[in-house]
Amino acid sequence: QLQLVESGGGLVQPGGSLRLSCAASGFTLDYYTIGWFRQAPGKEREGVSCIRSSGGSTNYADSVKGRFTISRDNAKNTVYLQMNSLKPEDTAIYYCAADFGDFCPPSYLFDYWGQGTQVTVSS
């Protein structure tokens, strides 16, 4: 009943852009901190970005700072990840996750997870 659904992934050339969406159903995201994570084949899951429920604070992994932007539209019950200047090393399955509260916690504390969307950056 409580679901997060990612969309917007696909195949893009290096230097290109994608915008990922994380849409919630069964609950409202207004009071949830949202994180984006990614996992490449053979690698551990890593945090990409996080936006607090208040929307007043965001954070990014060093590898994506200056290239990715996280935002939220509570009216649409959706969180976005704008990804610019994509690199082959950005290739991964991207997941969004929600945690009740106004803080970006460690990944294991997030309450709800989507099924992921594939992002492939290749020439």
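A continuous path of Ile, Leu, Val, Met, Phe, Trp and Tyr side chains, each step under 4.5 Å between heavy atoms, connects V79 with F27, placing both in one hydrophobic cluster. Under the 4.5 Å side-chain heavy-atom criterion for ILVMFWY residues, no single connected hydrophobic cluster contains both L86 and Y80. Under the 4.5 Å side-chain heavy-atom criterion for ILVMFWY residues, no single connected hydrophobic cluster contains both V48 and V5. Each of V64 and Y95 belongs to its own hydrophobic cluster when Ile, Leu, Val, Met, Phe, Trp and Tyr are linked at side-chain heavy-atom distances under 4.5 angstrom. Placement of Y108 and F103 in two distinct hydrophobic clusters is found when ILVMFWY residues are connected by side-chain heavy-atom separations under 4.5 Å, directly or transitively.
Rounded to the nearest 0.5 Å, atoms CG (L18) and CD (Q82) are 8.5 Å apart. I34 CD1 to C104 SG: the interatomic distance, rounded to the nearest 0.5 Å, is 9.5 Å. Summarising the geometry, atom SG belonging to C50 is positioned 8.5 Å from atom CG belonging to D99; distances are rounded to the nearest 0.5 Å.
Contact annotation: the side chain of L29 approaches that of L4 to within less than 4.5 Å [non-hydrogen atoms, C-beta and beyond]. Residues V12 and S17 are not in side-chain contact: their nearest non-hydrogen atoms beyond the backbone lie 4.5 Å or more apart. Counting heavy atoms from C-beta outward, D90 and M83 have side chains that stay 4.5 Å or more apart. The side-chain heavy atoms of L81 and S49, taken from C-beta on, include a pair separated by under 4.5 Å. Side chains of E89 and S63 form no contact here, defined as non-hydrogen atoms less than 4.5 Å apart.
No donor-acceptor pair closer than 3.5 Å links the side chain of R72 to the backbone N or O of T33. A donor-acceptor pair under 3.5 Å is formed between the side chain of R67 and the backbone N or O of S85. Proximity of a side-chain donor or acceptor of T78 to a complementary backbone N or O of D73 within less than 3.5 Å is not detected. Remark: the backbone N or O of Y31 is not paired with any side-chain donor or acceptor of N74 at under 3.5 angstrom. Of the possible donor and acceptor atoms, one in the side chain of Y60 sits under 3.5 Å from a partner among the backbone N and O of I70. Under a 3.5 Å cut-off, the side chain of S53 and the backbone N or O of G101 do form a donor-acceptor pair. For E6 (side chain) and Q115 (main-chain N/O), a donor-acceptor pair under 3.5 Å exists by modelled atom type.
Ring geometry, F37 versus F110: the interplanar angle exceeds 60°, so the pair is classed perpendicular (tilted spans 30 to 60°). Between Y94 and F68, the angle of the ring planes lies from 30° to 60°, which puts this pair in the tilted group. Relative orientation of the Y32 and F100 rings is perpendicular, given thresholds of 30° and 60° on the angle between their planes.
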Run the numbers on Q118 and T91 for side chain to side chain contact (heavy atoms under 4.5 Å, CB included), then give the verdict. CA-CA 8 Å; Q118 177 71 49; T91 296; 4.1 Å; yes

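For the pair A40 and A92, the tightest heavy-atom approach, listed with the atom from each and the gap, is N-CB, 3.8 Å.
Heavy-atom contacts from other residues, nucleotides or ligands closer than 6.0 Å to CD of Q39 number more than 12.
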